[in-house]
Every structure is written in structure tokens, then in C-alpha cells.
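To find a chain, count down the sequence lines: A is the first, B the second, and so on, and within it residues start at 1. The structure presented is a predicted model; accordingly, all values stated were derived computationally and were not measured.
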2 protein chains.
Amino acid sequence: MINKSGIFSKSCSHALKAATFVGKKGLENKSVKLKEIAEEINSPLAFTAKILQKLVKANIIESIRGAKGGFFVSQEKLRQISLKEIVFAIDGEGSYNGCALGFEKCNASKPCALHFQILPIREKLKETLINTSLEDLARAVGENTTFLKE
Amino acid sequence: MINKSGIFSKSCSHALKAATFVGKKGLENKSVKLKEIAEEINSPLAFTAKILQKLVKANIIESIRGAKGGFFVSQEKLRQISLKEIVFAIDGEGSYNGCALGFEKCNASKPCALHFQILPIREKLKETLINTSLEDLARAVGENTTFLKE
DNA sequence: AATAATTAAGACAAAAATGTCCGATTTAAT
DNA sequence: ATTAAATCGGACATTTTTGTCTTAATTATT
Ligand code: FES
Ligand code: FES
């Protein structure tokens, strides 16, 4: 929703950043520990842990338990996973399909007052989330073109 | 933010619907009472009252106190007010300017990992909110092309 | 086997968003 | 003036989101 922090919920922002950082390491076939992730994305440790658990359950990243453990994502997965999957995993199904004015379903046969204005924006967002892979984000961060914290 | 209800917060959705309904009546130079608004947009009475108060303070609609009171918006205002004003009034400044990943400010010289993907979407949204007037929404609802409740 | 390092999981806590209630205030009608 | 119909404004309540803490489970190392 649109709020002071922008388009995504905080949890979702954290998830995207965390996944991207794990992805950056995945490009070099390395795993990372929770502590390093939390520091790197500037997110509270315990809360980051919770979000990582969700990503693991959603089969986006994998966790390695025990000593020398951490979180990991393979290069194959990096290519496969789109941002849509991450947003879905955190905010649930239908996130960007929902009606702008809170109708049960966005329905072209009973369009809400904002339907025609919002639809193209939502479609563009959807397209972007589907067409952007985690690898795309991870590479840009790896090349210092983009960043995970201020 | 993107959540189950779509792009806007619930408060903001209610505000947009309420303003649109007051606007629909404004097209016929009529005022409406809180009760009718709440029913028409399917939003809790007391909560709707709070949101209307914000719209009044933001100088988007006017309130008429006392018996035979209600809420009103002039045809002139209807033309002048854009959706941006309403979103601003409820979610505060900078709503759609915020960084997608929660950076203090969206800053092209230190772009977050989603900056380049999200920027065009945000720009499109901004443009739409600025270029859509309350009158546009009110007319469409008046013509039963679009709706305020399911 | 014991230890240390790590994630998993669930209970708990705090903060923010959403929603309710009630008395004060304003105004029109009688 | 009195009354009735409405908004205003602030305190309160509930729900959701965000965040913390503690204990259990898992694994590498010794
Ligand atoms: S019905 Fe509301 S966005 Fe389509
Ligand atoms: S810096 Fe995050 S959207 Fe621009």
C-alpha cells in the first residue's frame, strides 16, 4: 500500500533485501549467516530471522542448520525466482491483484471508482515483479550499482 | 503498500470513496450527511467521520455543522482537487515518493536494489494521481460506470 | 560424547493502524 | 429559549503489523 515507506510493507522490503543479499553471496556459491544478513540489510536480527524462515518455507532460499550453517540460494534458483515469488511469500496471494478500493475482488464487470486509473499501474507492477529475477537484483548489488542500506 | 487490499491503505481507500461520493452529490450542488456517506461507501460510521474530518481540515471538502448539516464540495473544488491531494491528506507527504525498500529518501545517487524497477511505476502512479480530478471519479460514479461498493 | 555455533519455533511485547464511544459544539426549526 | 439534528474532538478499544526473547533442534568440530 502507499504509505510513508513507499509501495511495499516493511516485512516485504526486508524480505526483498534479505533475499537479494543471500543471492549476492549465492552468485559466488557462498552461504551467509543470519547475523551478517541482518547487518547488511540494516534490519533487526530477530525480525530478519522470522522473514528468512518464511522465505525458506516458500522454497525461495534454503537454510543450513547447525554450526557452519546459514542461508543459501543456488545460482539456478537465483535465475528461477522472480520478485513476484518473494512478494507472494510475504504478503500472501493476490497481493498486487487486489482492488485499489478494497473490493473483495477486482472485477472489471463491477469496477470500483479507481479501477480504470489503477489497472494499468498494477499491470505494469505485476509485469515488473514477474520479469525481474532475484539474480537481476543480486548482480546489481554485487556490482555496487544499487544498494541494500543507506 | 502492496497488501491484500491492494495499493492503498484502508483509510486512504475510504477517503477516496467518501470524497467521490460527496463529489457526486456536489455535481448537483447537494450536501450529504455522514450517515448516508458511510452507507454508500460501506465503511463504519465513526471511522468514516474521522476520515471526513481529515478531508475537511485538508480543505478538500467542507462541512456544514448543525441541523441540516452535512458535507459538501463545490463544483469548482471538484475540478481543482486531484487524487494526489486526497492521498496526501490521509497518508501524509511523500507517500508515493518514498523508497520501495524503506530508505529515508529515494535517492538516485544511492539507489536501492529496486530503484530502477520501481521508479517508472511510481512515476506513472504519481502522474495518474495528479492528472485525475475528483470530478473525474465523481462523474463516472454518477453515470454508474464505476462503483463505490460491491 | 561433549561442546559450540547455528537455525527453528513459539510465546510474548510494542507500535501502528483501524475502529468505537461519548460529550461538546453548532445550527435550524419550533 | 428549547429542542432536535448534525458535525467536532478527544479518549478509548481492537486488530494487525512489527519486533523480541527464550528454548529446542541440528550439525561441525574436538
Ligand atoms: S475493481 Fe477496484 S481496482 Fe478493479
Ligand atoms: S532509492 Fe529505493 S526506490 Fe529509489
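- Using the six-membered ring where Trp is involved, A/Tyr96 and A/Phe88 have ring planes that are tilted, between 30° and 60° apart.
- One can place CD of B/Glu36 at 11 Å from P of D/dT7, the figure rounded to the nearest angstrom.
- Considering only the side chain of A/Ala46, D/dC21 comes nearest among D/dC8, D/dC21, C/dT7.
- Atom NZ of A/Lys57 is separated from atom P of C/dG10 by 7 Å (rounded to the nearest Å).
- Atom CG in A/Leu45 sits about 15 Å away from atom C1' in D/dT18, given to the nearest Å.
- For the pair B/Ile61 and B/Phe72, the minimum side-chain heavy-atom distance is 4.5 Å or more.
- Summarising the local packing, CD of A/Glu28 is surrounded by more than 12 heavy atoms from other residues, nucleotides or ligands at distances under 6.0 Å.
- Heavy atoms of A/Lys54 sit nowhere under 4.0 angstrom from any nucleic acid atom.
- Note on A/Ile130: it clusters hydrophobically with A/Ile90, by side-chain heavy-atom contacts below 4.5 Å among ILVMFWY residues.
- If you check D/dC8, D/dG19, C/dA9 against the side chain of B/Val56, the one that comes closest is D/dC8.
- A sub-4.0 Å separation between OP1 or OP2 of D/dT18 and a side-chain N or O of A/Ser11 is present.
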- Just by protein heavy atoms under 4.0 Å, how would nucleotides 1-6 of chain D read 5' to 3' in B, S and -? ----BS
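- Remark: A/Arg139 does not engage A/Glu143 in a salt bridge, criterion side-chain N to carboxylate O under 4.0 Å.
- At whole-Å resolution of the value, CG in B/Leu55 and P in D/dT7 are 14 Å apart.
- Rounded to whole angstrom, the span from the CG atom of A/Leu52 across to the P atom of D/dT18 amounts to 16 Å.
- Checked against B/Cys12 for a side chain to side chain contact (heavy atoms under 4.5 Å, CB included), the options B/Ile7, B/Ile51, B/Leu83, B/Val87 give a single hit: B/Val87.
- Rounded to whole Å, the distance from NZ on B/Lys35 to P on C/dT20 is 16 Å.
- Residue A/Ile51 contributes atom CD1, which lies 13 Å from atom C1' of D/dT20 at whole-angstrom precision.
- Atom CZ of A/Phe47 is separated from atom P of D/dT17 by 11 Å (rounded to the nearest Å).
- Taking 4.0 angstrom as the limit, B/Ser63 places a side-chain polar atom (N or O) nearer than this to OP1 or OP2 of D/dC8.
- One finds a side-chain N or O of B/His14 lying less than 4.0 angstrom from the OP1 or OP2 phosphate oxygen of C/dG19.
- Between B/Ser82 and B/Ser133, the side chains place no donor N or O within less than 3.5 Å of an acceptor N or O (distance only, hydrogens not considered).
- Taking only side-chain nitrogens and oxygens, B/Lys50 never comes nearer than 4.0 Å to OP1 or OP2 of D/dG10.
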